[in-house]
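Heads up, the thing below is written out as structure tokens.
In this text the structure is predicted, and so the values were computed from the model without any measurement.
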Amino acid sequence: MAIVLISLVGGRPLPNILLTLHFKPDYLYFIVSQDSIGTNRDYEKTLAALPKPIHTSEPSVVKPYIIQDTITQCKKIVSQHKNDQIIINTTLGPKTMAFGVYDVAKECKHQGVQIEVCYLAREGLVYIFDNDIKSVKIGLKDYFSSYGWDVHWKTNHPNDRFEDFTQYMAKNPPTSQALLATIRQPSQGKGKRTCSTPQQIDKDQLALLQKIEKLGFVSNVSRDQERTRWTINSQADGEVLIGGDWLEFYVYQKAVELTNQKGEKLFDECGWGVEDINGKGEIDFTGIFNGQIVIVSCKTEDTIKRVWFEELHSKMEQLGKGMCSGLLVSTVSKSTRDNHDVEKYQKWASERQIILVLAEDISNLPLILKKIVLADGKAEPKEIPIYPRI
């Protein structure tokens with residue numbers, strides 16, 4: 001028996017996308033208010049955000065306040081699926097459209113058709129005939145699979161040393177960035193190796209390197225007038241030292257700690273190091289809330305490249321156009337760039353509706369993530385823009 005979903009369109013698209021992800025219908029139909037048809041209107045936005053494997057027929061366009069229009073179009077759809085399970089979603093559209101499909105459903109139910117009417121409320125998914133309310137939550141796995149991705153991800157840290165390393169690096173990102181810029185090239189190699197720079201590093205960088213030494217990632221740290229030396233103790237230690245996993249994990253940590261006013265987790269599910277097993281891509285961090293996702297690209301290089309915004313935007317388009325929020329978090333510090341460069345970075349970000357978080361803003365990540373989830377443009381930090389999703 002096929003699942004048939006009929007949704008009214010006449011308002012913001014999110015509820016229709018969310019219930020499509022929830023039900024995964026075999027057939028999807030839209031009864032669309034006449035004023036929702038057109039370029040950049042609700043129906044076009046809905047289609048753009050739909051999971052690509054989902055097929056929908058041509059919309060049934062109705063005059064929203066003429067109830068017979070809706071009744072006629074709904075009957076036409078239902079007549080094709082009398083032996084299937086039919087669900088009518090009345091969350092959107094004017095009340096006259098909802099009354100029309102309700103009348104059709106009530107009549108069909110008396111005729112023995114398996115049909116239900118529901119709408120998405122703050123409390124959950126309300127079923128009219130069954131007088132029942134059910135929870136609607138989309139997990140990461142289901143969300144990604146709806147858009148053709150088969151993903152796995154990390155949800156914890158490899159060990160306590162790594163968590164301590166993350167805290168040291170995240171405490172002062174400009175210093176961390178400066179240290180990485182100095183030691184990355186000399187630290188290249190395999191296995192245990194002794195490395196050095198042809199110059200001294202400053203006292204803040206040295207203090208950070210000495211903290212890392214106490215964790216056991218390096219040993220024999222020394223500095224004289226000519227150079228700084230250190231020994232990387234293993235291949236795995238070297239990968240942690242000069243890699244960027246710590247920033248991915250830091251974003252993950254801050255996200256899972258966030259709660260709403262009721263003390264509930266702000267994100268329904270989070271993961272870092274998200275990867276499609278068929279090679280469609282990797283995402284440093286993903287969090288899902290109310291059927292929408294935030295994806296984050298983390299960069300610890302001493303530069304910012306335009307292509308990074310293009311790559312992140314491409315993933316945002318693949319994973320629910322208009323539904324997916326994107327952040328690029330970089331350890332590059334504003335203080336090391338002139339105004340022209342900073343303006344250029346912000347232009348690249350705004351062109352693709354990506355939120356750019358530089359080193360000075362990393363300490364505000366919890367507030368930034370909360371601002372995105374709540375879609376509150378007036379929330380702190382005010383200098384960080386947000387782009388409301390559908």
Side-chain angles (χ1 to χ4, degrees), residues 40 45 48-49 147 169-170 173-174 176-178 180-181 244-252 254-255 258 266-267 270 272-274 281-289 292-390:
N40 206 33
K45 291 179 180 178
Y147 290 94
M169 297 295 283
S176 302
Q177 177 64 62
L180 287 174
D245 282 3
W246 65 269
L247 186 56
E248 299 175 20
F249 178 61
Y250 181 74
V251 175
Y252 169 79
K254 294 300 143 185
L258 287 172
L266 195 64
F267 286 97
C270 297
W272 64 289
V274 180
E282 298 179 20
I283 299 172
D284 296 332
F285 166 82
T286 302
I288 189 166
F289 59 97
Q292 297 181 86
I293 65 169
V294 176
I295 63 175
V296 181
S297 177
C298 299
K299 301 295 182 182
T300 58
E301 290 90 338
D302 190 30
T303 185
I304 294 180
K305 299 177 182 178
R306 183 172 187 155
V307 69
W308 294 343
F309 295 97
E310 294 168 353
E311 291 169 350
L312 181 59
H313 182 255
S314 174
K315 292 184 176 74
M316 292 163 62
E317 295 285 283
Q318 292 175 48
L319 295 167
K321 183 177 181 179
M323 292 258 301
C324 179
S325 298
L327 283 84
L328 193 145
V329 180
S330 169
T331 51
V332 165
S333 171
K334 295 176 190 175
S335 65
T336 64
R337 301 295 188 272
D338 60 31
N339 289 337
H340 173 74
D341 280 341
V342 174
E343 289 172 2
K344 179 174 63 176
Y345 302 152
Q346 296 289 2
K347 180 175 181 290
W348 292 345
S350 64
E351 285 173 345
R352 292 162 180 82
Q353 295 196 341
I354 290 170
I355 299 161
L356 175 61
V357 178
L358 296 174
E360 290 84 354
D361 304 312
I362 287 177
S363 62
N364 284 325
L365 260 176
L367 289 176
I368 294 169
L369 290 169
K370 184 169 284 191
K371 183 173 182 175
I372 293 168
V373 172
L374 299 179
D376 184 357
K378 296 180 180 179
E380 295 290 346
K382 287 190 168 57
E383 67 275 11
I384 299 291
I386 62 165
Y387 302 97
R389 304 290 88 189
I390 64 172

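- A distance of 5.5 Å separates OG1 in Thr303 from CH2 in Trp308, rounded to the nearest 0.5 Å.
- In this structure, Ile362 and Ser330 approach most closely via the heavy-atom pair CD1-O, 3.9 Å.
- Between Trp246 and Thr300, the closest side-chain pair of non-hydrogen atoms falls below 4.5 Å.
- Residues Gly377 and Ile386 come closest through the heavy atom pair N-CD1, 3.5 Å.
- Taking the six-membered ring where tryptophan is involved, the planes of Trp272 and Phe249 are tilted, since the angle between them lies from 30° to 60°.
- Counting non-hydrogen atoms of neighbouring residues, nucleotides and ligands closer than 6.0 angstrom, the CG atom of Asp338 exceeds 12 such neighbours.
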**OP:** Could you check Ser333 against Glu360 for side chain to side chain donor-acceptor pair (under 3.5 Å), going step by step and ending with a plain yes or no?
**Re:** CA-CA 6 Å; Ser333 171; Glu360 290 84 354; 2.5 Å; yes
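- Gln292 contributes atom CD, which lies 7.5 Å from atom CD1 of Ile390 (distance to the nearest 0.5 angstrom).
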**OP:** Could you check Tyr250 against Leu365 for side chain to side chain contact (heavy atoms under 4.5 Å, CB included), going step by step and ending with a plain yes or no?
**Re:** CA-CA 9 Å; Tyr250 181 74; Leu365 260 176; 4.0 Å; yes
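- The shortest distance between side-chain heavy atoms of Met169 and Leu180 falls below 4.5 Å.
- Using modelled atom types, one side-chain atom of Asp284 and one backbone atom of Cys298 make a donor-acceptor pair closer than 3.5 Å.
- Using a 4.5 Å heavy-atom cutoff, the side chains of Ile295 and Val274 are not in contact.
- Under the 4.5 Å side-chain criterion, counting only non-hydrogen atoms from C-beta, Asn40 is in contact with Lys45.
- Counting only heavy atoms from C-beta outward, the side chains of Val357 and Ile368 approach each other to under 4.5 Å.
- Salt bridge annotation for Lys347-Glu343: absent, with no cationic side-chain nitrogen under 4.0 angstrom from a carboxylate oxygen.
- Atoms CG and CG, on Leu369 and Leu327 in that order, are 6.5 Å from each other to the nearest 0.5 Å.
- In this structure, Ile304 and Trp348 approach most closely via the heavy-atom pair O-CZ3, 3.6 Å.
- Between the OG atom of Ser363 and the NZ atom of Lys254 there is a distance of 10.0 Å, given to the nearest 0.5 Å.
- The pair Glu351-Arg306 meets the salt-bridge criterion, since a charged nitrogen lies less than 4.0 angstrom from a carboxylate oxygen.
- Annotation: side chain of Lys344 is not in contact with side chain of Arg337 (no heavy-atom distance under 4.5 Å).
- More than 12 heavy atoms of other residues, nucleotides or ligands shown are found within 6.0 angstrom of NZ on Lys370.
- Taking CD1 of Ile355 as the reference point, atom CG of Asp361 lies at 11.5 Å (rounded to 0.5 Å).
- Using a 4.5 Å heavy-atom cutoff, the side chains of Ile384 and Asn364 are not in contact.
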Subject >> Intermediate values then yes/no, side chain to side chain contact (heavy atoms under 4.5 Å, CB included), Tyr387 and Ser325 >> reply: CA-CA 8 Å; Tyr387 302 97; Ser325 298; over 6 Å; no
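- In terms of modelled atom types and a separation under 3.5 Å, the side chain of Lys371 and the main chain of Ala379 share a donor-acceptor contact.
- Within the 4.5 Å cutoff, the side chain of Ile354 has heavy atoms near those of the His313 side chain.
- One finds no salt bridge joining Lys315 and Glu317 here, because no Lys/Arg side-chain nitrogen approaches an Asp/Glu carboxylate oxygen to under 4.0 Å.
- Here the straight-line distance linking atom OG of Ser297 with atom CZ of Phe309 works out to 9.0 Å at 0.5 Å rounding.
- In terms of heavy atoms, Leu356 sits closest to Ala349 at CB-CB, 4.0 Å.
- In terms of heavy-atom proximity, Val373 sits nearest to Phe289 at CG1-CD1, 3.6 Å.
- Ala255 and Phe267 make their closest contact through O-CD1, 3.7 Å (heavy atoms, listed as atom of the first residue, atom of the second, distance).
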